[in-house]
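Structure first, then comments.
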Amino acid sequence: LYYRFDGDGVGATWDVADDITEEESSSLKWDLNHSKFIHYHEMQNGVIVPKAYKIISLELDKLVYKDEYGSEFVFVKVVE
């Protein structure tokens, strides 16, 4: 599962395990508010689903956050 978070509060998600490429990705919006990180996923039917996470660490090239179940996610900036 891949995520791309662009600097303007939008991004994309795709899953190569489902044979989905970045070009076929689903759009998402995101927002940071203090220690809360929210993804707004747009589903195929147009419904927006918010998912809130708690930020554990935020650096220039790395983001660590947890969901409500305690699962931790680590994202590292990739420069192509």
Side-chain angles (χ1 to χ4, degrees):
L1 184 61
Y2 291 88
Y3 286 92
R4 187 187 73 234
F5 300 106
D6 301 327
D8 55 358
V10 296
T13 182
W14 65 97
D15 191 346
V16 294
D18 290 335
D19 200 28
I20 305 294
T21 65
E22 184 174 2
E23 292 77 25
E24 303 166 314
S25 63
S26 299
S27 64
L28 66 87
K29 292 185 180 182
W30 60 270
D31 188 32
L32 285 173
N33 186 355
H34 301 285
S35 65
K36 188 182 282 189
F37 182 45
I38 304 173
H39 296 184
Y40 299 94
H41 294 269
E42 183 174 350
M43 309 310 285
Q44 290 180 348
N45 61 3
V47 172
I48 305 295
V49 177
K51 294 183 180 178
Y53 303 90
K54 180 179 180 184
I55 295 175
I56 304 303
S57 172
L58 177 60
E59 301 171 18
L60 288 175
D61 60 351
K62 185 176 178 182
L63 168 64
V64 181
Y65 59 89
K66 287 186 178 183
D67 66 11
E68 62 186 282
Y69 304 105
S71 296
E72 187 171 284
F73 303 89
V74 178
F75 290 93
V76 177
K77 182 177 182 178
V78 176
V79 179
E80 294 184 25

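A donor-acceptor pair shorter than 3.5 Å cannot be found between the side chains of E22 and S25.
Looking at residues two or more places apart in sequence or on another chain, you find a salt bridge (Lys or Arg N to Asp or Glu O under 4.0 Å) between D6 and R4. Residues passing the side chain to side chain contact (heavy atoms under 4.5 Å, CB included) test with Y3 are L1, F5, T13, L28, H39, H41, F75, sequence neighbours excluded. Taking E59 as the reference, S57, D61, K62 meet the side chain to side chain contact (heavy atoms under 4.5 Å, CB included) condition, with sequence neighbours excluded.
Residue D19 qualifies as open at atom CG: its count of foreign heavy atoms under 6.0 Å is 12 or below.
One finds the CH2 atom of W14 at 12.5 Å from the OG atom of S27 (value rounded to the nearest 0.5 Å). Between the CG atom of D31 and the OH atom of Y40 there is a distance of 5.5 Å, given to the nearest 0.5 Å. A distance of 14.5 Å separates NZ in K66 from OH in Y53, rounded to the nearest 0.5 Å.
Side-chain contact check for E72 versus V64: some heavy-atom pair is nearer than 4.5 Å.
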Open item on the list: Could you go through L58 and F37, starting from their C-alpha distance and side-chain angles, then the distance that decides it, and tell me whether this counts as side chain to side chain contact (heavy atoms under 4.5 Å, CB included)?
Closed with: CA-CA 11 Å; L58 177 60; F37 182 45; over 6 Å; no

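For the pair W30 and G11, the tightest heavy-atom approach, listed with the atom from each and the gap, is CD1-N, 4.4 Å.
Under a hydrophobic clustering in which Ile, Leu, Val, Met, Phe, Trp and Tyr are joined whenever their side-chain heavy atoms come within less than 4.5 Å, directly or via other members, I38 and I48 fall into the same cluster.
Remark: side-chain polar atoms of D67 are paired, donor with acceptor, to backbone N or O of Y69 under 3.5 angstrom.
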